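The next block holds one structure in the form of structure tokens; read it before the comments.
The model shown is predicted, which means the values in this text are computed figures rather than measured ones. The sequence lines fix the lettering, A, B, ..., with proteins before strands; numbering per chain opens at 1.
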2 protein chains.
Amino acid sequence: MNNQNRFKEKVTIDDVARLAGVSKSTVSFVLNNRPSISAATRDRVRDVIRKLNYQPNQIARSLSSRQTRSIGLVVKQIDNPYFTKIMRGVFEYFSGCGYTVLLGSSELQPDREKSSIEALLRQRVDGLILSPLQGSDADMSHLSLISQNQVPLVLLEKVANVAANVVDIRNEGAACEAVSYLIGLGHRKIAYYSGPDYSMHNRERLTGYRRAMMEHGLPFSASGVRQAGVYLADGYAAAKAQFSGSGERPTAVFCFNDLVAIGVMNALMELGVHIPEDVSVIGFDDIEFCGSVRVPLSSIRVPAYEMGKAAADLLMQQIGKTDSVIRKTVELEATLVPRASCARADGRPAGGIPKKKHASPDGLRTAGGMA
Amino acid sequence: MNNQNRFKEKVTIDDVARLAGVSKSTVSFVLNNRPSISAATRDRVRDVIRKLNYQPNQIARSLSSRQTRSIGLVVKQIDNPYFTKIMRGVFEYFSGCGYTVLLGSSELQPDREKSSIEALLRQRVDGLILSPLQGSDADMSHLSLISQNQVPLVLLEKVANVAANVVDIRNEGAACEAVSYLIGLGHRKIAYYSGPDYSMHNRERLTGYRRAMMEHGLPFSASGVRQAGVYLADGYAAAKAQFSGSGERPTAVFCFNDLVAIGVMNALMELGVHIPEDVSVIGFDDIEFCGSVRVPLSSIRVPAYEMGKAAADLLMQQIGKTDSVIRKTVELEATLVPRASCARADGRPAGGIPKKKHASPDGLRTAGGMA
DNA sequence: ATTATTTGTTAAACCGATATAGTAAGATAT
DNA sequence: ATATCTTACTATATCGGTTTAACAAATAAT
């Protein structure tokens with residue numbers, strides 16, 4: 001009946017109220033720093049709280065206040081270095097302001113994206129950060145599900161025809177920059193090893209690639225694009241297929257991400273193709289290991305950690321402020337980091353820094369010396 | 001007053017009950033598949049649920065049932081490949097059985113470990129998986145905090161004097177195996193580049209290193225141990241310090257983890273020290289990139305993903321079953337994967353596979369071909 | 001036919017907080 | 001002295017479910 005004689009029951013607000021000789025309302029007010037409490041009772045209540053080591057039940061709080069002080073983060077792959085940095089950025093931001101982060105991931109399967117979102121909405125997160133899969137068929141019904149629930153949302157890539165808060169990177173521009181750099185080195189036959197087609201980032205990078213080719217009057221043909229994927233094994237397989245075949249070979253390969261690029265390099269090395277003398281390679285994301293792989297890998301540096309923080313910040317601006325819905329798109333810079341994996345088309349070293357200013361080209365120092 | 005004319009209020013169990021012409025108890029019973037409901041009403045209620053697109057409020061559920069269907073996972077570093085795999089294992093297990101994973105991380109700071117745990121306990125997680133920092137001063141007070149709250153716990157490394165469920169790896173044995181392998185290659189001056197001292201894994205690996213040295217009658221001196229850390233930069237700095245100094249140099253370096261080992265390799269390469277001719281290097285964890293770095297890195301393969309699954313499984317066995325508390329320690333295998341970073345002490349290639357059976361020594365194939 | 005048991009359903013207490021309306025006591029104004 | 005306003009606090013409804021005890025109707029046992 002009463003919960004005094006129960007074994008080791010949790011301390012509740014009632015226990016505190018009883019011991020402090022006040023009502024639970026008063027305790028609640030103290031807990032939430034309401035002004036209308038005298039210093040004397042405030043201190044008394046706080047003493048009791050400390051004495052009982054009382055921890056308010058966040059679930060009960062959530063139910064009555066309709067705020068869970070938690071947010072959901074749905075990525076595409078939990079163990080992908082790019083998302084990993086984003087996760088850290090998001091986590092650090094929210095743990096700094098007393099929010100909890102609930103983990104979600106589609107692991108590249110649309111149905112699992114949907115179920116992840118549903119699970120998080122059931123847990124009544126106060127907001128959602130989502131890196132959406134978006135195929136050409138584009139079943140974006142779960143997005144409307146989110147807006148139905150009026151949960152603040154920040155997307156980690158643009159979605160066509162959806163007005164939402166977005167934190168994204170300059171994919172097209174950076175891709176164009178990378179391919180232009182290769183062209184500047186004298187390359188004419190440049191391949192794009194593409195990511196999955198449910199990725200907007202992939203589509204934008206493809207556009208950047210195409211634009212660079214066209215702007216320089218180079219032939220853009222579909223054959224220049226090879227379907228790879230997101231994994232090391234995808235790049236490996238794609239390169240093995242192309243370079244062990246008898247077809248025409250590119251002298252440079254621009255890859256959807258660093259994992260694909262590293263897979264490509266592994267394959268080429270196995271086939272006796274030299275990097276960068278025979279083929280130049282550029283990746284995307286600039287993960288930590290770019291400077292440490294067989295041939296230091298040129299890549300596009302993406303500020304993933306900062307993206308996470310930015311997305312968190314943008315989401316936080318929405319939470320609580322029910323009025324004046326913000327619709328903002330933050331686009332972060334992404335710039336080429338040239339390293340040894342690129343050379344001139346005739347095989348000579350790339351030499352100095354290309355026209356535009358870039359981050360330090362020194363793969364070794366950068367990768368070895370910094371955390 | 002009533003919530004029918006409010007704008008876009010959420011559908012509640014009462015709405016369902018009203019429309020189906022039953023009590024909310026009945027709806028609740030249907031929701032939880034209680035047997036005592038006639039097929040007719042069950043179907044009718046389910047129809048209404050579907051029609052209204054009703055999603056039960058998990059917060060309300062949690063409050064009354066005292067089960068949140070969520071667990072907390074506290075790692076040491078969100079963006080470390082080892083923890084990343086664990087996270088995926090844990091996530092996949094729990095999302096498979098309708099549980100949500102709340103993210104926590106100490107980011108290597110004890111106070112943040114504590115606050116992470118507190119935050120998760122406030123959210124009333126049904127269980128906790130923790131990779132604990134444990135310094136020599138050993139302030140393990142938060143562990144008692146967990147047991148006070150009677151929250152099922154699984155640790156991701158053993159804690160001295162604490163009886164708990166543990167999923168761990170065979171650190172000492174694997175370390176001993178690695179060092180013995182180096183000794184078998186003729187090395188006599190072998191250094192251990194250690195991890196942080198708040199890591200039990202580090203202490204166990206150190207013990208394994210020491211045991212191997214002693215068993216082979218080699219001098220074990222404190223000078224054989226260099227403090228490195230967990231980051232690439234830590235290994236880089238430690239190696240730079242040792243190999244640019246004038247002191248005695250080891251011919252082999254066994255590292256706390258792969259990041260340190262890769263940092264070491266970067267430093268040595270900068271200093272013109274050749275791997276493996278001059279110095280052999282072994283890492284720990286066998287992260288994906290081991291086969292793709294400058295010189296393919298020998299490492300200890302750790303089944304981190306499986307650890308995550310195992311920890312999740314062990315935790316799940318505890319949840320709900322209040323009686324008969326389980327206390328189990330699951331220790332997973334960890335075995336040496338030799339690659340090109342190791343050679344005989346005289347500089348000649350290591351050649352075949354060492355006595356004991358190991359995973360494929362073919363770094364290139366393994367790393368390039370597999371995901 | 002009467003009692004006992006099973007089956008299907010519901011009323012109401014409860015989970016542990018928040019929040020609103022209300023109240024008693026003391027301060028200020030009239 | 002009475003009315004008005006603060007100030008400090010409390011009673012109570014509420015959030016949206018679960019769960020227990022109660023109950024009526026149908027079935028089985030005596």
Side-chain angles (χ1 to χ4, degrees), chain A residues 1-4 6 9-46 48-49 52 54-70 121-124 126 149 320, chain B residues 1-4 6 9-46 48-49 52 54-70 121-124 126 149 320:
Chain A
M1 293 291 156
N2 65 19
N3 59 8
Q4 287 178 351
R6 308 295 294 161
E9 282 292 340
K10 267 200 106 55
V11 182
T12 73
I13 198 173
D14 290 288
D15 300 325
V16 176
R18 203 175 312 126
L19 234 86
V22 295
S23 74
K24 49 193 273 195
S25 313
T26 303
V27 179
S28 175
F29 289 159
V30 171
L31 244 45
N32 297 293
N33 311 306
R34 297 285 198 92
S36 67
I37 296 290
S38 73
T41 30
R42 179 165 40 68
D43 294 345
R44 188 151 39 90
V45 170
R46 288 208 176 131
V48 175
I49 288 177
L52 295 182
Y54 165 68
Q55 293 275 80
N57 183 329
Q58 180 58 44
I59 299 299
R61 269 181 134 156
S62 299
L63 182 59
S64 63
S65 71
R66 295 152 158 282
Q67 289 209 74
T68 54
R69 298 186 72 77
S70 71
L121 290 179
R122 262 196 307 272
Q123 294 280 3
R124 296 299 194 269
D126 290 343
N149 288 55
Chain B
M1 293 295 154
N2 64 20
N3 59 8
Q4 288 179 349
R6 306 297 294 161
E9 281 294 339
K10 268 201 107 53
V11 181
T12 74
I13 198 173
D14 290 287
D15 300 326
V16 176
R18 201 175 313 126
L19 235 85
V22 295
S23 72
K24 48 193 273 197
S25 314
T26 303
V27 179
S28 174
F29 290 159
V30 172
L31 245 43
N32 297 295
N33 311 306
R34 295 285 198 94
S36 66
I37 296 289
S38 72
T41 32
R42 177 164 43 65
D43 294 345
R44 188 151 38 90
V45 170
R46 287 204 177 134
V48 175
I49 287 177
L52 295 182
Y54 165 68
Q55 294 274 79
N57 183 332
Q58 181 56 45
I59 298 298
R61 268 181 133 155
S62 300
L63 181 60
S64 62
S65 70
R66 295 152 156 283
Q67 289 209 75
T68 55
R69 299 185 72 77
S70 70
L121 290 179
R122 263 197 306 273
Q123 294 279 3
R124 294 301 193 270
D126 291 343
N149 288 55

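- For the pair Phe29(B) and Val22(B), the minimum side-chain heavy-atom distance is 4.5 Å or more.
- Spacing between atom NZ of Lys10(B) and atom P of dC15(D) amounts to 15 Å, rounded to whole angstrom units.
- Put simply, the side chain of Asp15(A) reaches to within 4.5 Å of the side chain of Thr12(A), judged on heavy atoms.
- Whole-Å rounding puts the Ile59(B) CD1 to dC15(D) C1' distance at 11 Å.
- Straight-line distance from the CD1 atom of Ile49(A) to the C1' atom of dA17(C): 13 Å, rounded to whole Å.
- A side-chain donor-acceptor contact under 3.5 Å links Gln123(B) to the backbone of Thr68(A).
- Asn57(B) pairs by the side chain to side chain donor-acceptor pair (under 3.5 Å) definition with nothing, not counting sequence neighbours.
- Looking at Thr26(A) and Ser23(A), their side chains do bring a donor and an acceptor atom within 3.5 Å of each other.
- For the pair Ser65(B) and dT19(D), the criterion of a side-chain N or O lying under 4.0 Å from OP1 or OP2 is not met.
- You'll find the side chain of Leu63(A) stays beyond 4.5 Å of the side chain of Ile59(A), heavy atoms only.
- Arg124(B) places a side-chain N or O within donor-acceptor distance of the main-chain N or O of Leu121(B), the cut-off being under 3.5 Å.
- For the OP1/OP2 pair of dA17(C) and a distance below 4.0 Å, the side-chain nitrogens and oxygens of Tyr54(A) include at least one atom meeting the criterion.
- In this structure, Thr41(B) reaches the dT9(C) phosphate: one of its side-chain N or O atoms is under 4.0 Å from OP1 or OP2.
- For the pair Asp14(A) CG and dA17(C) P, the computed distance is 7 Å after rounding to whole Å.
- In this structure, Arg69(B) atom CZ and dT18(D) atom P are separated by 11 Å, rounded to whole Å.
- Among the protein residues, Leu63(A) comes within range of the nucleic acid bases, having at least one heavy atom under 4.0 Å from a base atom.
- Distance from the side chain of Ile13(A) is smallest to dA17(C) among dG16(C), dA17(C), dG17(D).
- Summarising the geometry, the separation between CD1 on Ile37(B) and P on dT18(D) is reported as 12 Å, rounded to the nearest angstrom.
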For this session: Under 3.5 Å for both distances, Watson-Crick or G-U wobble, that's the pair rule; now give the dot-bracket for DNA chain C, with | marking pairs to another strand and [ ] for crossing ones.
Result: .||||||||||||||||||||||||||||.
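- Atom CD of Gln58(B) sits about 11.5 Å away from atom OG of Ser62(A), to the nearest 0.5 Å.
- Rounded to whole Å, the distance from CZ on Arg18(B) to P on dG17(D) is 12 Å.
- For the OP1/OP2 pair of dC15(C) and a distance below 4.0 Å, the side-chain nitrogens and oxygens of Arg124(B) include no atom meeting the criterion.
- A heavy-atom distance below 4.0 Å to DNA chain C is reached by these residues of residues 22-35 of chain A, ordered by number: Lys24(A), Ser25(A), Ser28(A), Phe29(A), Asn32(A), Arg34(A).
- Ser62(A) comes within 4.0 angstrom of no nucleic acid atom, judged by non-hydrogen atoms across all strands.
- Under the 4.5 Å side-chain criterion, counting only non-hydrogen atoms from C-beta, Asn32(A) is in contact with Arg61(A).
- Comparing Arg61(A) and Ala60(B) by the nucleotide of DNA chain C whose heavy atom lies nearest to each, the residue mapping closer to the 5' end is Ala60(B).
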For this session: Could you check Thr41(B) against Val30(B) for side chain to side chain contact (heavy atoms under 4.5 Å, CB included), going step by step and ending with a plain yes or no?
Result: CA-CA 9 Å; Thr41(B) 32; Val30(B) 172; over 6 Å; no
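- Rounded to whole Å, atom P of dC14(C) lies 18 Å from atom CG of Asn57(A).
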